[in-house]
Amino acid sequence: MESLTLSDVEQKYYSDLFVYCDTDNTKKVASNGRVLDLFRAAQLPSEVVLQITELCGATRLGHFGRSQFYIALRLIAVAQAGLPLRVESLNSVKDLPLPRFVVGKNEAEAKHAALYQDTDSQGLYPAPGAALIPRPPGRGHQNKKGPPSSASLPVHEVVQPQAPSIEPQPEPTSPVVSPHQSPPTSPASWRKHKRQHSGGNAERQPVAASAGAVWTHFREPQSVPVTGDGMWSSHSPPPPSQESWVSFTADTPPSSTLPAMHPSSVQESTTIRTLASAATTNEIQRQSSAYDDPWKITDEQRQYYINQFKTIQPDLTGFIPGSAAKEFFTKSKLPILELSHIWELSDFDKDGALTLDEFCAAFHLVVARKNGYDLPEKLPESLMPKLIDLDDSAVPEPAADVGFSSSPVEVTTNKSPSMPSLNQAWPEMNQSNEQWETFSERSSSSQTLTQFDSNIAPADPDTAIVHPVPIRMTPSKIHMQEMELKRTGSEHNHPTSPLLAKPPELPEETAIKFVAANTVGYSSSDSFTSDQEPITRQRLVTLSQSGTSPEALKVVAPPPPPPRPHPSHSRSSSLDMNRTFAATSASGQPQASAIAYPPAVPPRPLPTQAEGVAGSGAGLTTTSPQQIPQQPNFADFSQFKAFAASEQPVSLQEGDKHSEGGQVAAACKVSSGPLAPPPKPIRRRLKSEDELRPEDEQHGPQKSNVTAAVLAAQPSIPRSVGKDKKAIQASIRRNKETNTVLARLNSELQQQLKDLLEERISLEVQLEQLRPFSHL
Amino acid sequence: MFGDSIRKCLAGLQGTQTWRVGIAVIAKENYPLYIRSVASQSELKFHYTVHTSLDVVEEKISAVGKSLGDQRELYLGLLYPTEDYKVYGYVTNSKVKFVIVVDSSNTSLRDNEIRSMFRKLHNSFTDVMCNPFHNPGDPIQSKAFDGIVSGMMVQTG
């Protein structure tokens with residue numbers, strides 16, 4: 001599903017609609033019935049609706065998640081604009097009008113209207129409400145405030161002259177200053193004002209003055225969204241909207257987080273709400289309190305808080321230690337007990353330090369307290385520290401995250417109270433890093449520690465941690481050998497040899513590992529799979545780097561022994577190279593043989609070298625021709641055997657003879673023990689060379705014999721060499737194929753791992769949500 | 001302070017069926033930081049019980065401390081039973097003691113539950129300590145802590 005970029009207006013509108021459809025209050029899924037009703041209300045043909053449902057992914061999912069819902073709304077807007085329905089058009093179409101819904105929204109609009117109708121403006125609302133509503137209910141109610149105000153209701157007009165007096169007051173930079181103006185009775189007067197804002201202009205003025213401070217505090221939430229909306233740059237909306245917001249809060253039964261003064265307004269709200277249908281009362285409550293959460297931090301306030309934070313702690317992502325915070329907040333002259341309570345509320349992760357969000361919440365509470373508000377019993381949702389970084393949250397996030405963005409989005413979007421529980425969930429789900437960050441913060445509390453312990457303990461026996469250990473051993477060994485091989489300059493074939501020794505085990509082990517990783521419980525598998533994955537990945541990568549696909553070989557039946565000796569060849573040849581380079585008198589042939597060995601050229605120099613070299617390896621060389629018909633790969637070895645044989649006497653001599661001898665000796669040893677691990681041939685070779693030196697004299701007379709034998713073997717060599725070349729190339733191709741197959745497998749498993757991690761995170765988030773309840 | 005909290009507790013808990021008779025938090029110097037009890041019995045008796053249980057706690061601390069030192073178990077278990085009630089103790093590494101007094105008639109109260117209660121208490125206490133506005137050694141005046149304790153005292157089933 002592509003991400004959806006919504007404007008602020010749309011964001012609000014969509015979240016309102018989602019809340020409207022979220023009859024089960026799941027906060028994640030909109031009930032299908034409601035959604036379909038809504039879509040029908042969009043007055044689109046049913047095929048279009050079906051298409052929209054399909055496009056947004058709801059058909060695939062079977063339900064309307066938040067993102068699906070938002071995408072669907074967008075598509076409805078697109079369809080209503082007459083544009084073809086395309087997934088690309090989701091984001092590409094700019095300035096799309098909001099989707100219009102006729103039937104369903106009318107109801108909601110009517111309720112909104114009803115809530116406002118404690119004034120004379122009753123007559124105005126049904127009119128806009130009944131018609132096709134061009135604007136979302138969220139903005140609608142503010143919008144309604146617009147026309148009524150312009151309709152010169154005495155109610156609103158009275159407020160307007162007060163607006164100028166109020167306007168200069170709110171100075172976001174000094175919210176603490178203004179509180180001095182507010183007497184403790186401001187809540188009471190505020191309440192009074194709410195009740196009587198239909199009449200009693202005189203009352204309103206003193207109330208407004210006294211509540212000015214209050215209003216300064218809370219005007220911003222309303223004015224910012226108002227000004228944020230392009231449509232409301234006029235002055236008239238703010239005061240009436242402010243007032244309406246005030247009345248709205250009177251209407252909405254306070255959530256437990258609203259100041260205690262609100263309960264008195266509940267009665268008022270109930271009488272008003274009788275006008276509305278009871279079914280959607282909750283929805284309206286949620287929507288309205290989302291609009292007008294008094295605990296919301298406005299943009300200017302937040303900026304001020306951030307500046308204050310910077311004075312204490314320049315790093316915005318850092319913490320303010322408790323002592324510094326204590327000094328700072330003591331300056332506000334609140335009683336220690338209240339400060340202590342504020343701290344308890346705002347130090348969300350209980351780490352004794354304040355993050356930026358916690359600090360803003362604490363500051364906000366201090367401001368509220370100074371304004372005369374009672375402290376809530378628990379932290380209001382809008383003040384809950386966001387678990388995502390401020391920077392991250394500033395970026396407009398997909399619809400799924402609508403609940404918990406930072407202040408700029410926060411102010412302009414409608415966060416319904418249904419979001420609060422979502423707030424923690426979504427950012428956590430979407431920001432797994434921060435999730436881990438939170439956990440690390442909480443690690444200081446014993447509570448979390450014990451829980452983690454209990455999680456880890458049972459995980460141990462379940463996981464396949466046992467498996468990886470033995471697996472890692474061998475691959476790493478082989479790995480080391482490969483690295484060694486690679487380092488020695490040899491190529492593709494070499495790594496295969498050591499691995500070929502273990503291919504039967506490796507594929508099974510890795511398969512076991514992967515299976516175990518998949519079947520093991522989420523909590524444990526993560527770390528283990530992560531352990532395993534990098535290892536396998538590393539192994540695979542390094543293996544694949546070598547050019548061939550040892551991994552492929554792992555899953556494939558072990559190739560016949562012959563290929564393995566190749567690395568020994570290479571190794572020997574590489575060592576020979578060292579020797580040859582060390583020996584300045586190295587002829588071009590040995591070098592060529594060493595270098596050219598991997599591809600397929602080696603055979604050529606071999607015969608020539610074999611000619612030049614005579615060794616005591618007569619016996620070996622005689623065996624080589626026999627082996628040639630049996631295994632073409634051995635033909636190489638035979639050549640090397642010849643070399644070894646020929647080199648044995650030559651080992652004493654410097655230069656090319658050493659290299660050849662080394663090669664041949666290694667070949668001999670290897671051929672004799674095809675299944676011997678790679679190092680052994682090297683050792684044997686070295687040994688053999690050492691031995692060869694003293695033996696050289698003994699084998700001296702045999703030189704001619706060996707040469708003859710080698711020469712005899714030569715005719716057969718070219719043929720076997722040709723077959724060798726093909727065999728090597730075929731094995732290379734096979735290895736490459738298996739390499740790609742394994743690479744694909746790897747990527748698939750990586751994807752699985754990611755999915756599992758996501759699932760795990762979601763489960764942990766749910767656990768987190770449930771945890772507070774289980775503790776009480 | 002205690003009077004306030006106790007009065008609040010009494011007002012809230014009157015008439016409710018409770019198990020826990022009382023919860024007390026004692027500082028390192030053996031003076032109370034927080035005492036809360038239920039109305040069912042006289043406050044004085046509860047305070048007296050807690051006070052006398054301190055001796056047992058001290059004894060247990062010293063007994064275990066000798067042997068293991070840092071491995072000392074925080075949960076002290078049943079300090080001593082009387083005919084009326086049972087007293088459980090828990091001590092933190094900073095020698096802050098938690099004492100829970102429960103009714104003897106509550107036979108269904110398992111050791112695990114008591115342990116979990118102590119753990120909760122300890123966590124809440126830690127949170128209170130983290131508050132920079134709280135001076136260690138002051139009586140605990142945290143609403144959150146009160147909430148936790150009330151929740152534990154009113155627990156049923």
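Residue numbers start from 1 in every chain, and the chains themselves are labelled A, B, ... in the order their sequence lines are given, proteins ahead of strands.
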| Contacts of B:His134 that satisfy side chain to side chain donor-acceptor pair (under 3.5 Å) - sequence neighbours left out | none
| message | Return the CZ to CD1 distance between B:Arg36 and B:Ile23, rounded to the nearest 0.5 Å. | response | 8.0 Å
| B:Asn135, part contacting chain A, at a heavy-atom distance under 4.5 Å | side chain
| said: Please enumerate all residues that pass side chain to side chain donor-acceptor pair (under 3.5 Å) together with B:Asp111, with sequence neighbours excluded. | reply: B:Tyr75, B:Arg115
| remark: In terms of heavy-atom pairs under 4.5 Å with chain B, the winner among A:Ala324, A:Ala353, A:Ser340 is A:Ser340
| query | Non-hydrogen atoms of chain B under 4.5 Å away: do they reach the side chain of A:Leu339, the backbone, both or neither? | reply | both
| said: Quick check: do B:Ile148 and B:Met152 have side-chain heavy atoms less than 4.5 Å from each other? | reply: yes
